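The structure appears right after this line, and notes come after that.
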Amino acid sequence: QYVDNDILRDSNRNESLFMRVHIIAGRDLAVADMTTSDPFVETWLGNSGERPNKDNPHTLKTRIIPATLNPIWDEDTVWEFKWNDPLLETNCKLNVHAWDHDTIGKNDSLGIASVPIGRLIQDFKTMGKEDQGDGYDFWIPLHPISKQSLGRGQIRVNVQFSTNPDVLRAEYELTMLSSYASMIDGVINELQQTIRSHSKHPEKQLEDAEDHISATDSIAPTDSIAPTESSIADDNLTEEKIIGKQLSILIQAGEKLID
């Protein structure tokens, strides 16, 4: 049965639309500091230019990841809009600007990009789809903001829409739990292979390593998915115990997410 789109939009004029923006990672970013960069990302909906307007409520600024050209931020936000917000028309764009953080002086641009998402929003509003699976995933190529500035690499962004913010949060947490399960399986497999290749008595050393893994009380909780170097750095640790600590950190982070 044919449904007039204007009637459909009018019937939902008091409803809110929620948009989740997930800044996942970057790859092959430009070098701003000798051999590396300290990248972070600003993303926003609406105004063009190098940065979001100060009064723009639809913004996200990630944390700084030091000394890498392939950062993993894994940060998200959920923006709320009125159903007929003029900002969500077909020419709506999501802006992404990567920066190199400088402690002294101005931050250096690593490139900027815009993704036209107005059509995706209109399709969602017209079709009324709640089940988007994993949403819309993009690797966005960066370009310089001027002839003198840097601009290279890509930023991975995921976008989802819903009329229920709880749906977006639940889908995100399910995705995170799935990632934890996959990473834990990988670390366990690496631990077993390392022990068996370095020990004449693999069964006994595996038991010792498993005992170490269960002793998680001495390891500080972390919000990060991947263990940091500082979390596992210890000159006296064997390779097996280092991997065991990685596994412990992952398990604790997963338990925190479940709680």
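Basis for what follows: all heavy atoms, side chains included, without hydrogens, waters or symmetry-related copies. Computed from a predicted structure; not experimentally measured.
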Do [X] and [Y] have side chains that get closer than 4.5 Å, going by heavy atoms?
X	Y	answer
Leu45	Cys92	yes
Phe138	Gln154	no
Ile155	Val41	yes
Asp33	Asp102	yes
Leu29	Pro71	yes
Val21	Val78	no
Ser37	Thr68	no
Gln160	Tyr136	no

Test your reading of the model: is there a side-chain donor-acceptor pair from [X] to the backbone of [Y], 3.5 Å cut-off?
X	Y	value
Asp85	Leu87	yes
Asp100	Asp38	yes
Asn53	Asp55	no
Glu75	Arg63	yes
Arg152	Asp28	yes
Ser149	Pro144	no

Quick one: closest heavy-atom pair of [X] and [Y], and the distance?
X	Y	value
Leu69	Ala30	CD2-O, 3.5 Å
Ser109	Leu150	O-CB, 3.4 Å
Ala113	His143	CA-CE1, 4.0 Å

Quick one: pull up [atom1] in [X] and [atom2] in [Y] and give me the separation to the nearest 0.5 Å.
X	Y	atom1	atom2	answer
Thr103	Asn107	OG1	CG	9.0 Å
Leu60	Trp73	CG	CH2	10.5 Å
Ile140	Arg156	CD1	CZ	11.5 Å
Thr163	Glu80	OG1	CD	11.0 Å

Kindly determine whether Asp137 and Asn158 satisfy side-chain hydrogen bond (donor to acceptor under 3.5 Å, both in side chains), including the steps that lead there. CA-CA 4 Å; Asp137 207 82; Asn158 184 275; 3.1 Å; yes

Between Thr43 and His97, does a side-chain hydrogen bond (donor to acceptor under 3.5 Å, both in side chains) hold up when you go through it step by step? CA-CA 6 Å; Thr43 185; His97 197 165; over 6 Å; no

Do [X] and [Y] sit in the same hydrophobic cluster, where Ile, Leu, Val, Met, Phe, Trp and Tyr count as joined when their side-chain heavy atoms come under 4.5 Å apart?
X	Y	value
Ile24	Ile117	no
Leu94	Leu142	yes
Met19	Trp83	yes

Within 45° of the axis and under 6.0 Å from the centre of the six-membered ring of Trp44, does NZ or CZ of Arg51 qualify?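 Geometry flag: not set, cation outside 6.0 Å or 45°.
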
Please report the C-alpha distance between Phe18 and Phe81 in whole Å, then the side-chain angles of each, then the deciding distance to 0.1 Å, and finally whether the side chain to side chain contact (heavy atoms under 4.5 Å, CB included) criterion is met. CA-CA 6 Å; Phe18 297 90; Phe81 304 89; over 6 Å; no

Indicate, with yes or no, if the rings of His101 and Trp99 have centres closer together than 6.0 Å.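 No, the ring of His101 stays outside the 6.0 Å limit from the ring of Trp99, centre to centre.
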
Yes or no on side chain to side chain contact (heavy atoms under 4.5 Å, CB included) for Val96 and Ser114, after CA distance, side-chain angles and deciding distance? CA-CA 6 Å; Val96 178; Ser114 295; over 6 Å; no

Going through the checks in order, is the side chain to side chain contact (heavy atoms under 4.5 Å, CB included) test met by Phe161 and Arg20? CA-CA 6 Å; Phe161 307 103; Arg20 173 175 170 258; over 6 Å; no

Using side chain to side chain contact (heavy atoms under 4.5 Å, CB included), reason through Ile23 and Val157 one step at a time and then give a plain yes or no. CA-CA 5 Å; Ile23 304 297; Val157 179; 3.8 Å; yes

Any donor-acceptor pair under 3.5 Å linking the side-chain atoms of Asp74 with those of His22?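 On atom types as modelled, these side chains qualify, holding a pair under 3.5 Å.
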
